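Below you'll find the structure, written out as structure tokens, and then a few comments.
Within every chain, numbering begins at 1; the chains are lettered A, B, ... in the order of the sequence lines, protein sequences first and strands thereafter. This structure is a prediction, so every number in the text was calculated from the model and none was measured.
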Amino acid sequence: MRLTVKPVEERIIEFAHTLRRFNINVTHSGIADALEAIALVGLDREDFFDALKATLVKDHADMPVFVSLFKLFFGKKPKGPPEEDTGSPFEAPPEGSDDGREASRIEGGNSPGVLTEQRARSRNQGEPYLLLIKAVRENDYDMLQYLAHQGVKNIGRVYPQDVNNVQALVKKAKRSLGWEKACDELFGMLLNYRASPF
Amino acid sequence: MFSSPDEVLEEFAQVKFIVNRSVATAVFIAIKLQRPLLVEGPAGVGKTELARVLAQTTGSDLIRMQCYEGLDESKALYEWNYQKQLLRIYTDKSQNKNWEEIKHTVYSQEFLLERPLLKALMAQQRTVLLIDEVDKSDEEFESFLLEILSDYQISIPELSTITAVHPPMVVLTSNNFRDFGDALKRRCIHLYLDYPSYEQELEILNLKVPGIQQRLAEKIVAYIQAIRQLKLKKAPSIAETLNWAQALLELGEEDIDNDVIKDTAGVFLKYRGDIEQVTAQDAETLLK
């Protein structure tokens with residue numbers, strides 16, 4: 001839905017600028033390459049992801065942040081060719097059951113593979129809720145504001161009658177960021193902190 | 001040439017080079033945008049092989065330049081053949097030619113020793129230029145490389161400016177030995193080549209070591225994948241998986257157990273510390 005609201009080029013540029021905000025060194029030529037690459041490979045989700053990765057990320061260490069932000073920006077896309085295996089990566093995962101399968105699919109390339117420990121770890125890294133936790137723990141107000149902004153964007157189009165239903169919209173925005181999961185984890189950390197003798 | 005990432009995938013598979021689609025997409029983009037492809041990743045995942053396969057599947061010549069500390073322009077680009085020039089000067093002198101004439105002849109292509117970079121720029125047909133282990137060269141060389149890779153031309157002061165008729169497909173590989181310059185990275189399409197997944201490695205094994213029993217192949221790959229997760233000095237590469245499989249096949253082993261591993265660990269591990277660490281662990285536990 002979001003991809004039709006704005007031309008995809010604008011969305012990519014916005015995405016690239018956001019990568020910069022997260023200290024990923026994205027250059028003008030990188031953005032130009034990204035746009036050209038997308039024109040070549042199209043919007044098929046996997047290719048789209050690979051093309052942006054190859055042109056915008058020049059340092060493998062930046063991948064976790066890239067995956068998180070990619071998910072925030074392009075995570076849910078309503079239409080796309082069906083995939084043969086476990087559920088289409090294009091469709092929004094059923095709300096509330098967002099278990100990060102999507103991120104790991106992208107990261108692991110085209111093979112479902114055996115879930116090794118390394119994979120299990122990297123699949124967690126691709127989650128927006130981790131950005132949320134990081135922001136809270138580091139008192140990063142800028143990032144919080146940014147995430148809130150993204151959350152609101154993830155609501156999609158808002159209609160006048162939605163004014164009666166603001167609570168539901170807020171819930172939707174929170175869910176898109178993995179709010180509850182972040183709260184759970186933060187709460188868990190807090191409990192552990194209390195329990196520790198220090 | 002390739003018209004889609006799928007085609008890259010198919011062509012590569014035909015020469016028994018198995019990669020995932022991400023890799024094919026990056027290769028495809030680099031070719032179409034005429035950008036150098038920078039391949040990073042652990043040792044032994046097939047970075048160099050990728051360039052070789054690319055040359056093979058596109059019907060191009062492969063020109064390889066191995067980088068090392070101290071590599072300079074005269075070794076990478078060109079050098080004048082001084083001995084030959086001197087000989088020419090002596091000969092010409094004896095025929096009473098004047099210096100202006102001589103100067104003109106000794107600085108011609110005949111006296112030029114072409115090194116890999118110049119060879120790639122002057123090639124009369126498509127080439128793949130492999131700049132191997134670029135992270136081992138030094139910074140001056142890197143900026144010099146950047147200059148060439150931005151416009152695929154080079155000026156030889158005594159001769160002329162040479163512009164590539166067929167800009168080579170450039171593949172750079174790096175083992176992250178040194179974190180090299182942003183400017184060079186910026187020019188490139190980036191590809192991180194990782195160890196293959198279980199399925200992929202099994203496919204590679206079946207392709208390269210035909211005649212291996214499926215059950216043994218599965219166990220080999222599962223075991224190798226498991227020990228790659230350990231903190232080893234040098235994790236086993238794909239080639240080492242294949243060597244090990246070949247060795248087990250020759251030895252007539254049908255299963256992997258602690259004894260077999262103790263006897264053959266030297267095939268896939270290269271450091272004593274690594275071997276000790278791995279053989280200290282129970283194979284069955286690792287396989288779980």
Side-chain angles (χ1 to χ4, degrees), chain A residues 16 23-64 66-67 70 81 83-85 89 104-122, chain B residues 2-6 8-9 18-35 37-42 150 174 176 179-203 218 221-222 225-226 228-230 235 287-288:
Chain A
N23 290 327
I24 295 181
N25 188 5
V26 176
T27 59
H28 289 299
S29 69
I31 298 176
D33 285 348
L35 296 177
E36 233 179 300
I38 294 306
L40 274 171
V41 302
L43 296 178
D44 187 274
R45 182 181 160 101
E46 223 173 273
D47 291 347
F48 183 73
F49 176 86
D50 288 335
L52 292 187
K53 180 180 78 177
T55 49
L56 297 176
V57 185
K58 311 281 168 164
D59 192 340
H60 190 63
D62 290 334
M63 276 313 286
F66 177 84
V67 174
F70 182 88
E83 284 270 303
E84 56 272 55
D85 50 5
S104 80
R105 287 181 55 89
I106 305 167
E107 269 220 342
N110 57 3
S111 59
V114 182
L115 193 72
T116 59
E117 209 188 301
Q118 192 188 357
R119 260 188 204 211
R121 247 183 286 129
S122 67
Chain B
F2 305 123
S3 62
S4 70
D6 283 325
V8 177
L9 214 54
I18 308 297
V19 291
N20 63 31
R21 212 186 132 86
S22 295
V23 176
T25 306
V27 169
F28 176 72
I29 290 172
I31 292 175
K32 290 291 167 188
L33 300 189
Q34 294 198 5
R35 286 304 180 90
L37 181 68
L38 170 61
V39 192
E40 292 189 287
S150 4
S174 153
N176 282 318
D179 200 19
F180 61 99
D182 271 352
L184 188 56
K185 280 189 178 174
R186 236 178 282 154
R187 279 294 307 166
C188 300
I189 299 298
H190 192 262
L191 169 64
Y192 187 85
L193 209 55
D194 214 339
Y195 289 116
S197 66
Y198 172 80
E199 282 79 8
Q200 255 175 10
E201 195 160 17
L202 192 59
E203 197 182 340
E218 282 169 13
V221 174
Q225 296 254 337
R228 279 199 191 121
Q229 304 297 323
L230 305 174
L287 279 168
K288 262 166 207 160

Out of curiosity, [X] [atom1] to [Y] [atom2], how far, rounded to the nearest 0.5 Å?
X	Y	atom1	atom2	answer
A:Asp33	B:Leu33	CG	CG	5.5 Å
B:Glu40	A:Asp59	CD	CG	7.0 Å
A:Lys58	B:Leu184	NZ	CG	10.0 Å
B:Thr25	A:Leu40	OG1	CG	11.0 Å
A:Lys53	B:Tyr192	NZ	OH	11.0 Å
A:His60	B:Asp194	NE2	CG	6.0 Å

Is there a donor-acceptor pair closer than 3.5 Å between any side-chain N or O of B:Lys32 and the backbone N or O of A:Val41?
-> no

Report the residues that fulfil side-chain hydrogen bond (donor to acceptor under 3.5 Å, both in side chains) with A:Ser29, sequence neighbours left out, ordered by chain and then residue number.
->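 Residues passing side-chain hydrogen bond (donor to acceptor under 3.5 Å, both in side chains) with A:Ser29: A:Thr27.
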
Name the region of B:Arg35, side chain, backbone, both or neither, that has any atom closer than 4.5 Å to a heavy atom of chain A.
->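 Interface part for B:Arg35: side chain.
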
B:Ile189 versus chain A, the contacting section by heavy-atom distance below 4.5 Å |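 Interface part for B:Ile189: both.
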
Passes side-chain contact (heavy atoms from CB on, under 4.5 Å), A:Glu46 versus B:Arg21? Steps please.
-> CA-CA 9 Å; A:Glu46 223 173 273; B:Arg21 212 186 132 86; 4.1 Å; yes

